Amino acid sequence: MRIKDCYNTADFRRLAKKRLPAPIFHYIDGGADDESTLNRNTAAFDTADLVPNVLTGAEQADLSTTVLGQQLQLPLFFSPTAMQRLFHHEGERAIAAVAEEMGTMFGVSTLGTRSIEELGRHKAPKLFQIYVHKDAALTADLIERCRANHFDALALTVDAIVAGNRERDYHYGFTTPPKLTAASLLSFALHPQWSFNYLLREKFDLPNVSHYIETGSTIAASVVEYLDTQMKRSISWDDAAEMRQLWGGPFAVKGVMSVDDAKRCVDIGATAIIVSNHGGRQLDGSRAPFDQLAAIADAVGGQIEIILDGGIRRGTHVLKALARGATACSGGRLYLYALAAGGSAGVRRAMERLRDEMQRDMILMGCRSVDELNESMLNERNGQTL
Ligand SMILES: Cc1cc2nc3c(=O)[nH]c(=O)nc-3n(C[C@H](O)[C@H](O)[C@H](O)COP(=O)(O)O)c2cc1C
């Protein structure tokens, strides 16, 4: 199987599974506990059906939308994800390059593997994902670096103040940086190309935070350890409001699920909410973003931008979210599998396939622009769920 044999996210997932040592693949693919939220995130889209309008004369579909002050050519952008150089040696560079080609935005994780300074030089719109750290100076420094390096938006992640329980990581022996353990040894040996790239290219690093963690303490051995040791657990709405003010630019709160919280985001003057459960990696048993979208759009639609994040594997998933009131969508695994499968060439093909699917399906829906998608084009399956 090669990249050109991949037509959809499921194909890229299969190829990623072949290319990556098992601990790395399962770090991307897995979720918390029983993974019921992870699975529901995608299954939720099948509880509503698109209802097209015909004979509308729609020949072309304009997919552009404006979100967080950025005019994007696609209503879908790259969610921030940690550790990208573990998945492919190009890492964040591949994502930044494809974002520019496709006219969309890319998110950069605090736990990214390329620096704010390097990524700031890419032309595509960029969002930095931040946490409230125990060390206020670290948070303030990250914000200053984003400002100095022309980041366009900041997203405060609020659903990861402690790390989720990702049991696949224990089963397969995932550690950061990767270590040879009894559980993972064979898998690294069976993927010599990955292991070669990992060992001989630039040393693994988390350049946005490593100098902070290294001074006075040891570098966090894993994401779990990072979240559990560096995050301020008692984070409050005051922290969020303060951060919004300190930053002063387009600001999103990532990981909002309740209607009350969505209203509080309006109150603190956030530009957008990212309706998300961290891709099912944190609180298992929590509701899927798409299931919760109608309630949120009813309460705060028109007052704040709504970004639907999680479970998107198909262009039609994006169209359903837009019809239900989202301003735009974002996704993680939909590009991470492709990155692992083939670096920038994989990500480019995955995003082109999704773009073409959205365009084709908008025309089939009878819509010329994303504004024309609305709730009347979406029907619940009479309470029947998957
Ligand atoms: C491997 C991986 C790493 C992630 N790292 C981060 C992170 O560092 N910060 C963050 O806010 N979200 C992170 N996320 C969550 C994504 O931003 C996004 O919310 C999630 O991937 C959406 O679900 P999807 O993968 O089904 O699209 C990560 C997700 C994955 C799969």
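Sequence positions, counted from 1, serve as the residue numbers for this chain. Note that the structure is predicted; figures quoted are calculated from it, not measured.
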Start with the C-alpha distance between S330 and D309, add both sets of side-chain angles, then the distance that settles side-chain hydrogen bond (donor to acceptor under 3.5 Å, both in side chains), and finish with yes or no. CA-CA 5 Å; S330 60; D309 171 81; 2.8 Å; yes
Residues R201, N197; criterion side-chain hydrogen bond (donor to acceptor under 3.5 Å, both in side chains); working and verdict: CA-CA 6 Å; R201 290 182 189 264; N197 276 323; 2.6 Å; yes
Under the side chain to side chain contact (heavy atoms under 4.5 Å, CB included) rule, what do D135 and Q230 come out as? Steps first, then yes or no, please. CA-CA 8 Å; D135 179 354; Q230 307 292 326; 5.8 Å; no
For side chain to side chain contact (heavy atoms under 4.5 Å, CB included), just list the numbers for L50 and L378, CA-CA rounded to whole Å, side-chain angles, deciding distance to a tenth of an Å, and then say yes or no. CA-CA 5 Å; L50 291 167; L378 207 57; 3.9 Å; yes
Between N165 and E167, does the side-chain hydrogen bond (donor to acceptor under 3.5 Å, both in side chains) criterion hold? Intermediate values first, please. CA-CA 6 Å; N165 176 45; E167 293 175 5; 2.7 Å; yes
Going through the distances and angles, do N379 and D49 end up as a side-chain hydrogen bond (donor to acceptor under 3.5 Å, both in side chains)? CA-CA 5 Å; N379 243 26; D49 295 321; over 6 Å; no
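Between T316 and D361 the shortest heavy-atom distance is CG2-OD2, 3.3 Å. Closest non-hydrogen pair, L319 versus M358, comes out as CD1-O, 4.2 Å. In terms of heavy atoms, E305 sits closest to L68 at OE1-N, 2.7 Å. Between A299 and K263, the shortest heavy-atom distance links the atoms CB-CE, 4.1 Å. Taking all atoms of both residues into account, the shortest heavy-atom contact from A297 to G325 is CB-CA, 4.2 Å. The shortest non-hydrogen separation linking S276 to K254 is OG-NZ, 4.3 Å.
No path of Ile, Leu, Val, Met, Phe, Trp and Tyr side chains, each step under 4.5 Å between heavy atoms, connects L190 with F196, placing them in separate hydrophobic clusters. With hydrophobic clusters built from ILVMFWY side chains whose heavy atoms lie under 4.5 angstrom apart, I273 shares a cluster with L156. Connection of I161 to I274 is not established within any shared hydrophobic cluster, with ILVMFWY side chains joined at heavy-atom distances below 4.5 Å, either directly or through further cluster members. V158 and M243 fall within the same hydrophobic cluster, defined by Ile, Leu, Val, Met, Phe, Trp and Tyr side-chain heavy atoms under 4.5 Å apart, directly or through other members. When hydrophobic clusters are built by joining Ile, Leu, Val, Met, Phe, Trp and Tyr residues whose side-chain heavy atoms come closer than 4.5 Å, directly or via intermediates, V51 is not grouped with M362.
Within a 6.0 Å sphere centred on OH of Y198, other residues, nucleotides and ligands contribute more than 12 heavy atoms. Within a 6.0 Å radius of CD in E242, other residues, nucleotides and ligands contribute 12 heavy atoms or fewer.
Of the possible donor and acceptor atoms, one in the side chain of T37 sits under 3.5 Å from a partner among the backbone N and O of S286. The main-chain N or O of L20 is found under 3.5 Å from a side-chain atom of H191 such that the two form a donor-acceptor pair. Between the side chain of R114 and the main chain of E118, no donor-acceptor pair closer than 3.5 Å is present. In this structure, Q129 contributes its side chain and A155 its backbone to no donor-acceptor pair below 3.5 Å. For the pair T81 (side chain) and G332 (backbone), a donor-acceptor distance under 3.5 Å is absent. A donor-acceptor pair under 3.5 Å is formed between the side chain of D284 and the backbone N or O of S36. No donor-acceptor pair under 3.5 Å is formed between the side chain of Q70 and the backbone N or O of P125. Between the side chain of E90 and the backbone N or O of S344, at least one donor-acceptor pair lies under 3.5 Å. Proximity of a side-chain donor or acceptor of R264 to a complementary backbone N or O of W237 within less than 3.5 Å is not detected. Here the side chain of R145 pairs a donor or acceptor atom with the backbone of N208 at under 3.5 angstrom.
Using the six-membered ring where Trp is involved, H317 and F45 have ring planes that are parallel, under 30° apart on the 30 and 60° scheme. Classified by interplanar angle (parallel below 30°, tilted 30° to 60°, perpendicular above 60°), the ring pair Y27/F174 is parallel. Ring geometry for Y335 against F78 counts as perpendicular: the plane angle is over 60°, on a 0 to 90° scale with 30° as the lower cut.
The shortest distance between side-chain heavy atoms of L111 and V209 falls below 4.5 Å. Using a 4.5 Å cut-off on side-chain heavy atoms (C-beta onward), F128 and N149 make no contact. Considering only heavy atoms from C-beta on, P289 comes within 4.5 Å of N277 through its side chain. With contacts defined as side-chain heavy-atom distances shorter than 4.5 Å, the pair Y131/K232 does not qualify. Under the 4.5 Å side-chain criterion, counting only non-hydrogen atoms from C-beta, P250 is not in contact with D152. Side-chain contact between D298 and V259 is absent, with no heavy atoms from C-beta onward closer than 4.5 Å. The closest side-chain heavy-atom distance from L283 to D159 is not below 4.5 Å. Proximity of H133 to M231: side-chain heavy atoms (C-beta onward) are separated by under 4.5 Å at one or more points.
In this structure, CE on M105 lies 10.5 Å from CG on L76, to the nearest 0.5 angstrom. Between atom CG of residue L308 and atom CZ of residue R324 there is a gap of 9.5 Å, rounded to the nearest 0.5 Å. If you take CG on L364 and OG1 on T56, they are separated by 10.0 Å, rounding to the nearest 0.5 Å.
Taking the ring axis of F12 as reference, the NZ or CZ atom of R313 does not stay both within 45° of it and closer than 6.0 Å to the ring centre. Note that R349 lies in the cation-pi zone of Y7, set by a 6.0 Å cut-off to the ring centre and a 45° limit from the axis.
Between R2 and D5 a salt bridge is recorded (basic side-chain N to carboxylate O distance below 4.0 Å). Between D11 and R14 a salt bridge is recorded (basic side-chain N to carboxylate O distance below 4.0 Å).
Inspection of the D62 and S64 side chains reveals an N or O donor paired with an N or O acceptor under 3.5 Å.
For the pairing with T113, the side chain to side chain donor-acceptor pair (under 3.5 Å) check across E92, Q84, E202 returns one residue only, E92. A salt bridge (charged side-chain N to carboxylate O under 4.0 Å, His left out) with D29 is found for one member of R281, R333, R168 and no other, namely R168.
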